[in-house]
Amino acid sequence: MNKKTVFSGVQPSGNLTIGNYLGAIKNFSRLQDEYNSIYSIVDMHSITVPQVPSELRKRTYEVLALYLATGLDPEKSTIFVQSHVSAHAELCWVLNSISYMGQLNRMTQYKDKSSKSEENLNAALFTYPVLMAADILLYQTDFVPVGEDQRQHLELARDLAIRFNSKYSDTFKVPDNLIQKETGKIYNLKNPELKMSKSDPDANSYILMLDDKDTIVRKVKRAVTDSLANFNYSKEQKGLQNLINIYSAFSGEDVKNIVNKYRNENYSVFKEDLGILIAEALKPIQNEYDKLMSDKGYLESIMKEGAEKARYLSYKTLRKVYKKVGFVQI
Ligand code: ATP
Ligand code: LTN
C-alpha cells in the first residue's frame, strides 16, 4: 500500500534503439515489483513533429508489444496510451498557465528540434515539456526512469510542481529522476560525441531492438573506436567506452572484468563478441514481440484496461487541481 510511484513514457515515433532499451525500457520491468509502476506510450508527444497517421498508429502497437516483450506485466503495472486519458491534455493546459516562455525557450531539445525544422515550427513542440510534466504530476510520481537527455525536462516538471504548490497550496508530489549512470546515455556508433538516436539519418549509427543478428554484428564491427590499440575504459576513448558500457549492460559483467578479459586482444575480437552478445540478448524479446504483434485483439485489451486504471488515478489529481485554480465543481 505504501509503495512509491514510478512513471515513464516512450514515444511511438520511429523504431526503438538499444539506447531507448538500456537507458529506459530495460529498467521498467525491474522496477515493477518494488514500485507502483505506470508506463505510458506517449502518442500525443509524437505529433509535435510530423507523423504519417497510419505509421503512428502501427508504432503505438509496436511499443506496447515491446513493453510486454521486455517483461512488463499488465497485472503489476499500469500500461496505457496517453491519448486515451484526456486528463493529460487537461492538466497540460493548466500547467501552461504557470509556465514561463523564457524557461521553455531554454529547453535544449526544443532548440535542437526547432533548428532542424524551421518550416514547421508548431506551438506543441514548444510546450512539449509541459505535457511531459502533466504526465508525471498527474500520478503523484516519486521517480521517473529516463535517459540523460530528459534531465532538463524533469527539472521543469519539478519546477512546475513547486510553483503550483506554492501558488495554490500543496497538490503535487515533486518527482525525482532515476537516470542510470552507465547507460543513461548510449552514444552514436558512428560519432561517439552524439547520443544514439533513432532519428539519425545513418542507420549504422544505431542498433534497433528489432535488428537481426547479421545486422547487429555488422553495425558493431563498423562502430567507430580509436587507433590507440589499447583496450581500456577511459574518457579519452569514448567509442570504446560506449561499447564496453553496452557489453556490461547486456552481460551483467562489470567493466573491470571486461577490460581484463579483452586487455590483450584486438578490438575486433571484442566487437565480434559484443555483436553476438547483443543479438542473443535481444532474440527472446524479438520472439515474444512477434507473437504479441500477431494478436492485436490482446494488445487492445491491455490498452483498454490500462486506460481505465490511468483515468481513475489521474482524475483524482485533476479534480483537485481544477478546484484549486477556481473552476466550478458540479
Ligand atoms: P530519439 O531522440 O532517439 O528519436 P527520444 O529520446 O526523443 O528518441 P523516446 O523514444 O520517447 O524519445 O525516448 C524514450 C526513452 O529512451 C527516454 O527515457 C529517453 O531518455 C531514452 N533514450 C533515448 N535515447 C537514449 C540513448 N541514446 N541512451 C539512453 N537513453 C536514451
Ligand atoms: N519526453 C520523453 C518521453 C516522455 C516521458 C514522459 C518520459 C513523455 N512524457 C513522462 C518520462 C515521463 C522522451 O523520452 N523523449
Side-chain angles (χ1 to χ4, degrees), residues 5-28 31 37-49 51 56 59-60 62-63 66-67 70 80-83 85 88-89 91-92 95 107-110 112-113 116-117 124-125 127-139 141-158 160-161 175-203 205-209 242 245-246 249 310 314:
T5 297
V6 157
F7 181 97
S8 196
V10 172
Q11 300 183 72
S13 29
N15 293 310
L16 299 186
T17 69
I18 57 167
N20 298 124
Y21 178 59
L22 299 179
I25 300 171
K26 184 166 180 263
N27 308 305
F28 295 176
L31 296 166
S37 313
I38 308 169
Y39 299 114
S40 185
I41 299 153
V42 290
D43 53 351
M44 290 162 69
H45 277 99
S46 293
I47 61 165
T48 55
V49 294
Q51 298 289 338
L56 179 64
R59 294 212 153 112
T60 302
E62 289 174 359
V63 175
L66 276 174
Y67 270 1
T70 55
F80 72 102
V81 177
Q82 186 187 32
S83 63
V85 183
H88 291 250
L91 180 61
C92 177
L95 293 179
M107 295 288 126
T108 51
Q109 185 175 300
Y110 171 72
D112 285 356
K113 288 199 176 168
K116 275 184 207 148
S117 63
L125 190 62
T127 56
Y128 174 114
V130 184
L131 179 60
M132 177 163 163
D135 297 340
I136 297 165
L137 301 182
L138 274 173
Y139 299 93
T141 300
D142 294 282
F143 299 110
V144 186
V146 277
E148 182 62 47
D149 60 330
Q150 297 303 311
R151 187 184 287 279
Q152 194 186 28
H153 288 163
L154 267 176
E155 261 321 299
L156 180 85
R158 288 171 57 86
L160 291 177
D176 281 310
N177 71 55
L178 215 56
I179 298 175
Q180 303 294 310
K181 194 161 166 280
E182 271 83 22
T183 55
K185 190 164 183 180
I186 299 294
Y187 291 88
N188 182 307
L189 298 181
K190 286 289 167 188
N191 179 356
E193 296 297 325
L194 303 175
K195 111 173 169 154
M196 181 183 285
S197 166
K198 59 195 180 220
S199 38
D200 195 288
D202 181 0
S205 73
Y206 52 72
I207 294 172
L208 298 177
M209 287 182 72
N242 185 42
N245 280 334
I246 296 173
S314 57

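Each ligand, and each atom within it, is numbered from 1 in the order the structure gives.
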Checklist entry - So, H88 versus Y139, ring centres under 6.0 angstrom or not? => result yes
Checklist entry - Taking all non-hydrogen atoms of both residues, which atom of Q11 and which atom of L16 are closest, and how far apart? => result O-CD2, 4.4 Å
Item to check | Nearest non-hydrogen partners of R59 and P12, listed with the distance | outcome: CB-O, 3.2 Å
Checklist entry - Between CD1 of I186 and CD of Q180, what distance do you get to the nearest 0.5 Å? => result 10.0 Å
Checklist entry - CD1 of I207 to NZ of K198: how many Å apart, nearest 0.5 Å? => result 16.0 Å
Checklist entry - How would you list, by chain and number, the residues with a heavy atom under 4.0 angstrom from ligand 1? => result V10, Q11, G19, N20, G23, A24, V146, G147, D149, Q150, T183, G184, K185, I186, K195, M196, S197, K198, S199
Item to check | Over 12 non-hydrogen atoms of neighbours within 6.0 angstrom of CD1 in I47 | outcome: no
Item to check | Steps toward side chain to side chain contact (heavy atoms under 4.5 Å, CB included) verdict (T70, M209) | outcome: CA-CA 10 Å; T70 55; M209 287 182 72; 3.8 Å; yes
Checklist entry - Do D149 and Q109 get their side chains close enough for a donor-acceptor pair, meaning under 3.5 Å? => result no
Next on the checklist: I'd like the residue list for ligand 2, meaning every protein residue with a non-hydrogen atom under 4.0 Å from the ligand.
Outcome noted: F7, S8, G9, Q11, V42, H45, Y128, M132, D135, I136, V144, V146, Q150
Checklist entry - Donor-acceptor pair, N242 side chain versus Y187 backbone, under 3.5 Å? => result yes
